[in-house]
Each structure stands twice: as C-alpha cells, then as structure tokens.
Amino acid sequence: MLSNVPRAMLPAEEQFRILSDGVAEILPLDEFRAKLERAVRTRTPLRVKLGCDPSRPDLHIGHAVVLEKLRQFQELGHTVIFIIGDFTAMIGDPSGRTKTRPALTLEETQANARSYFEQVGIVLDVARAEIRSNSEWLSRLTFADVIRVAAQVTVSQMLERDDFHQRFNREQPIALHELLYPLAQGLDSVEVRADIELGGTDQRFNFLLARELQKHAGQEPQAIVLMPLLEGTDGVQKMSKSLGNYIALLDPPREMFGKVMSIPDELIVRYYRYATFASAEEARTMEQQLRDGSLHPRDAKALVAERLVARYHGEDAARSAREEFDRMFRHKEVPEEIETIALHLPLSLVEAVVAAGLVPSKSEARRLIAQGGVYVNGERVTDHAAVLARGEHIVKVGKRRFVRIQSV
RNA sequence: GGGCGGGUUCCAGAGCGGUCAAAUGGGGCAGACUGUAAAUCUGCUGGCGUUAUGCCUUCGGAGGUUCGAAUCCUUCCCCGCCCA
C-alpha cells in the first residue's frame with residue numbers, strides 16, 4: 001500500500017485524474033493541467049513544495065492527508081521539496097495567543113526536523129525528496145530586501161486574509177511581523193522555484209500571495225493544491241496538536257482504534273475517505289449504507305478504525321486492537337495488557353493513583369473518587385480515605401485508564 | 001505626544017474594599033443513558049488536607065493604604081480605539 005514504485009510520466013490526463021482525487025481545491029485549475037502536460041512533454045518533473053513547521057514534530061492523520069497527496073506526486077515522478085521553516089522558528093513569535101512560543105535554538109530545530117522526517121517517512125520516501133531550510137535564504141536578506149518585497153503587497157490585500165480581517169474587526173492586535181510571515185513563505189516558493197505548492201485549505205491566502213511574489217521575480221507562478229482539513233476527534237475543530245483532538249501517526253494501535261471509535265457519527269465517512277484513503281466510490285457506498293440503516297454506525301467506525309490501524313501498524317495489530325476494544329467496551333472486561341506499576345503498598349488510594357500517573361493531583365484524585373470514577377479490582381470505590389493493601393490491584397480511572405499496581 | 005477603554009482562573013467574560021478560589025457561558029473531566037457517538041440530565045473543574053465556617057498560592061509586574069484588596073493609591077509593563 002505504501003509502495004514507492006515510480007509510475008513515472010504517465011500521460012498528463014492520467015496524472016491529473018490521480019492527483020485531483022480527494023483534493024479540496026486546485027487553483028488555477030487550467031494552469032495546473034498545463035504544468036502537468038508540459039512536464040510530460042518535456043520530461044521535466046514538477047517541483048512540488050511543502051512547508052513544514054519545525055516546532056511540532058508530532059504528526060497526525062490530518063497531516064497525512066497532505067503527505068499522501070505528496071506521495072502521489074512523488075510516485076508519478078515529480079520532485080518533492082520540503083521546506084523547514086527554521087528561520088521564523090529561530091526568531092520566535094512574540095505575538096498572538098501562544099505567548100510561550102520561545103525561539104528555538106539551532107539544535108532544537110534540528111532535533112525536531114529529524115523527528116519530523118522520521119514520521120514523514122511513514123508515508124513517503126524522504127530520501128528522494130529535496131529538503132531545504134528557509135534560513136538558508138531568509139537570513140541573508142537585508143532590511144532593504146525586505147522593504148522591497150513588502151512594497152509588492154498592499155495592506156488591504158493582506159487584510160483580505162480571513163484571520164487578519166477578523167482580528168482587525170474585533171480590534172484584536174495584529175503584530176506587524178505577522179503580516180511579514182506570509183511574505184517569507186512566498187519567498188520560499190520563489191527561492192525553490194516551486195511549480196506547485198501543497199497544503200491545507202487554510203493556506204490558500206499564503207499560497208496565492210506566493211504567486212504574486214513569483215510573478216514579480218519573473219517566474220511562472222505556482223499552481224496550488226489544497227487538501228481538506230480533517231476535523232479532530234471532537235468533530236468540531238480542525239485536528240491539531242494544541243487542541244488535543246488528534247490521532248498521531250505514532251499512536252499505538254489500541255489508542256488509534258479507540259480514538260476513531262470516539263469520533264462523532266457525522267465524521268465517519270470523512271475519516272473513511274481522508275484518514276484511510278478510501279476511494280470516492282467506497283465512501284459513497286458507506287454513506288448510502290449508513291443512511292439506509294444496513295450498516296450500524298458503530299460497525300462503520302470499527303471498520304474505519306481497523307483500516308486506519310492496519311495502515312500504520314499492519315493487519316495483525318488492527319485485528320487485535322479491535323478484539324481488545326470489544327473486550328474492554330462491549331464486554332466490559334479488563335484489557336489484556338496493562339501497564340504495571342510498582343509501589344510501596346500499604347498506601348492510600350489517592351496517593352497511589354497519583355503516583356501511578358493516572359491523575360495529576362491528589363485533589364483531582366479525591367474528586368474522581370467522590371464522583372464514582374475510580375474502580376479497584378472491578379469495584380467502585382467512593383471512600384476517599386480508602387487504602388490499597390499489599391498485593392496486586394487493577395485500578396481503573398474513568399472509562400479507559402487502567403493500571404496494575406503491585407507492591408514492591 | 002494627547003484623549004478614552006482595557007489586562008481576571010484553560011478560553012470568553014462578570015466582579016470593583018470583606019459574604020471571592022472569584023458569577024455566567026464555553027471547553028475539559030466524572031457519573032447516568034448509550035454504540036467509549038450525538039443529544040440530554042447530574043456533579044466537578046488551583047493546590048494541600050487531621051474533610052474543619054481549615055491552610056497555601058492565584059485576578060499584568062513592583063510597591064503602598066487598610067484589621068482586611070481582584071477591588072483603593074503610586075509606579076512600571078502590555079493591548080485596543082480615536083486624535084496628532
């Protein structure tokens with residue numbers, strides 16, 4: 001499934017069919033097609049750019065939507081260019097909601113990048129990609145250079161971007177350098193002479209701006225391929241690490257499976273299509289079956305969950321994740337494998353639960369006990385003064401946190 | 001530079017000398033109901049606890065007034081709007 005057999009230089013029409021599948025938007029469409037045709041005609045691979053944020057090495061299945069598309073470009077013989085945004089990371093971003101976004105050191109950026117590409121490697125062939133750091137060129141710009149670039153864009157153009165527009169109207173601060181960041185991204189496209197830039201739909205503005213800068217630089221502007229943003233497991237907001245609603249590529253099978261099972265029903269088909277890369281046809285079928293009741297939503301989710309786990313961990317892991325899930329939640333049994341923690345045992349339940357890392361503070365532990373959310377060996381414990389005797393105990397907190405506690 | 005309005009607990013946002021660990025909503029967590037879904041209902045949502053109308057830390061920073069401050073004063077920092 002993740003093979004990298006190059007299907008180099010298929011006819012442009014065929015490439016277009018593959019590459020346009022599942023995208024949210026391609027702009028401008030005719031330019032995109034023209035580029036493909038030229039690439040085939042002149043046997044020159046297209047240069048496909050993806051920018052990456054070096055501060056977040058935790059990739060999730062939302063990122064995979066974009067990476068998978070990138071993989072297709074790669075398989076079709078095109079050149080993938082990753083751009084590590086280390087320049088802005090080194091400067092740090094003093095603005096906005098993320099107050100504590102400290103400037104990263106060179107070492108940190110490098111470590112992040114390593115971890116980033118390890119994860120990218122799960123989806124596509126990193127060795128065949130071109131990897132660049134934008135500090136390479138951005139750090140060399142003089143102030144005069146920056147002014148020259150800034151002169152190419154007007155303030156009202158910048159304010160067209162939705163989040164600037166909204167903040168402006170709400171009288172919320174917009175720091176000047178924030179307006180500069182899209183320019184920096186655009187310069188990346190100029191520097192690597194991108195034919196195509198790939199990203200989520202939230203990048204539309206930035207990518208379009210890059211086209212302007214490319215034109216100013218006398219280059220043919222890039223075509224833009226926007227992929228849908230996958231909603232997080234909460235079903236409301238887009239998947240993101242900071243919102244904690246994500247399924248990481250590195251999540252273990254059980255975790256992955258469970259997270260899929262907890263998504264709202266409305267998301268099932270979307271996950272099927274964009275997380276497990278079901279074809280449009282398959283997605284339509286599932287949608288139909290859900291509608292006419294021939295497929296129970298729970299089973300549909302299990303199907304998606306199993307398919308997702310299989311994709312990243314293999315069929316066997318997927319099957320056992322499913323069995324494990326059924327055992328825990330359909331049959332309310334204790335999971336097969338539980339982490340074991342050794343403690344000096346006669347210990348109050350409150351302290352034990354904190355020591356085992358199930359809960360962050362003793363107050364929280366007391367709260368949970370009072371609310372009936374703590375079980376010891378299958379029995380609900382509501383006495384906050386309860387003590388764990390010597391021996392071995394299976395402690396459950398909430399619906400899914402299990403731990404085996406043994407005396408030392 | 002001037003005028004005005006602001007900075008509160010995860011977020012939004014009340015509070016404007018004690019009854020404030022701080023209204024309300026959102027989010028989160030737990031419980032009930034379920035399909036570990038949604039909706040709904042209930043409770044909780046700083047820490048520590050000998051569980052006591054208890055103690056400690058928190059309302060941009062630093063000082064001060066007061067028996068007592070998120071609330072008053074001084075000063076500093078930061079943000080928004082308008083004028084220049």
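By convention in this document, chain letters (A, B, ...) are assigned in the order of the sequence lines, proteins followed by strands, and residues within each chain are numbered from 1.
- Rounding to whole angstrom units, CD of residue A/E364 and C1' of B/rG46 are separated by 11 Å.
- Look at NZ on A/K399: it is 13 Å from P on B/rG35, rounded to the nearest Å.
- The six-membered or imidazole ring of A/F117 lies near that of A/F82, with a centre-to-centre distance under 6.0 Å.
- Under 3.5 Å, the side chains of A/N112 and A/E108 contain no donor-acceptor pair of N or O atoms.
- Across all strands, A/S363 comes closer than 4.0 Å to base atoms (heavy-atom distances).
- When both distances must be under 3.5 Å, the Watson-Crick or G-U wobble mate of B/rA12 is B/rU24.
- Residues A/E266 and A/S361 each lie close to RNA chain B; by heavy-atom proximity, the contact nearer the 5' end of the strand is made by A/E266.
- For A/R211 and A/Q214, the side-chain atoms include no donor-acceptor pair closer than 3.5 Å.
- Atom CG in A/L358 sits roughly 14 Å away from atom C1' in B/rA30 (whole-Å rounding).
- Rounded to whole Å, the separation between the P atoms of B/rC79 and B/rA30 comes to 40 Å.
- Taking 4.0 angstrom as the limit, A/R367 places none of its side-chain polar atoms (N or O) nearer than this to OP1 or OP2 of B/rG43.
- For the residue pair A/S115 and A/Q119, a side-chain donor N or O sits within less than 3.5 Å of a side-chain acceptor on the partner.
- Between A/R298 and the phosphate of B/rU34, there is no side-chain N or O to OP1/OP2 separation shorter than 4.0 Å.
- Between the side chain of A/D299 and the base of B/rG35, no donor-acceptor pair under 3.5 Å is found.
- Base contact: A/K301 has a heavy atom under 4.0 Å from a base atom.
- The listed nucleotides are B/rG31, B/rG35, B/rC29; the one nearest the side chain of A/H296 is B/rG35.
- Across all strands, A/P297 comes closer than 4.0 Å to base atoms (heavy-atom distances).
- With B/rU51, B/rA37, B/rG31 as the candidates, the nucleotide lying closest to the side chain of A/H384 is B/rU51.
- With both ends at atom P, the span from B/rA38 to B/rC29 equals 10 Å, rounded to whole Å.
- Within the 4.0 angstrom heavy-atom criterion, no nucleotide atom of any strand lies near A/I268.
- A/Y246 does not carry A/K241 over the face of its six-membered ring by the limits of under 6.0 Å from the centre and within 45° of the normal.
- Comparing B/rA23 with B/rG13, their C1' atoms sit 10 Å apart, to the nearest whole Å.
- Rounding to whole angstrom units, CZ of residue A/F329 and C1' of B/rU34 are separated by 14 Å.
- Distances were taken from every side-chain heavy atom of A/R366 (C-beta onward) to each of B/rC48, B/rC29, B/rA32; the shortest belongs to B/rC48.
- For A/R284 and A/Q288, the side-chain atoms include no donor-acceptor pair closer than 3.5 Å.
- If you take atom P in B/rU24 and the same atom in B/rG46, they sit 13 Å apart, rounded to whole Å.
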Before giving the answer on side-chain hydrogen bond (donor to acceptor under 3.5 Å, both in side chains), spell out for A/Q289 and A/T285 the whole-Å C-alpha distance, their side-chain angles and the decisive distance to 0.1 Å.
CA-CA 6 Å; A/Q289 288 175 329; A/T285 305; over 6 Å; no
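- Going from the P atom of B/rG25 to that of B/rG61 covers 27 Å, rounded to whole Å.
- Comparing B/rG15 with B/rC59, their C1' atoms are spaced 10 Å from each other, to the whole Å.
- One atom, NZ of A/K259, and another, C1' of B/rA37, lie 17 Å apart when rounded to the nearest Å.
- The CG-P distance, from A/N245 to B/rA37, rounds to 17 Å in whole Å.
- Taking the C1' atoms as reference points, B/rU71 lies 15 Å from B/rU58, given to the whole Å.
- B/rG18 sits 9 Å from B/rA69 when the C1' atoms are compared, rounded to a whole Å.
- The two residues A/I196 and A/F32 make their nearest non-hydrogen contact at CD1-CE1, 3.4 Å.
- At a cut-off of 3.5 angstrom, counting only N and O atoms as typed in the model, there is no donor on one side facing an acceptor on the other between the side-chain of A/Q371 and the base of B/rG31.
- Within the 3.5 Å criterion, the main-chain N or O of A/L243 finds no donor-acceptor partner in the side chain of A/Q237.
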Protein proximity profile, nucleotides 79-84 of chain B - base contact B, sugar-phosphate-only contact S, no contact -, cut-off 4.0 Å on heavy atoms
SSS---
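- For the pair A/K301 and A/F257, the cation does not sit on the ring face, since its NZ or CZ is not both under 6.0 Å from the ring centre and inside 45° of the axis.
- For A/L368, counting side-chain heavy atoms from C-beta on, the closest listed nucleotide (B/rC29, B/rG31, B/rC48) is B/rC29.
- The pairing partner recorded for B/rG46 is B/rC56, the criterion being a Watson-Crick or G-U wobble arrangement whose two distances lie under 3.5 angstrom.
- Remark: B/rC81 base-pairs with B/rG3. Criterion, Watson-Crick or G-U wobble with two distances under 3.5 Å.
- Among the protein residues, A/G398 comes within range of the sugar-phosphate backbone only, with heavy atoms under 4.0 Å from sugar or phosphate atoms but none that close to a base.
- Taking atom CG of A/L267 as the reference point, atom C1' of B/rA38 lies 12 Å away to the nearest angstrom.
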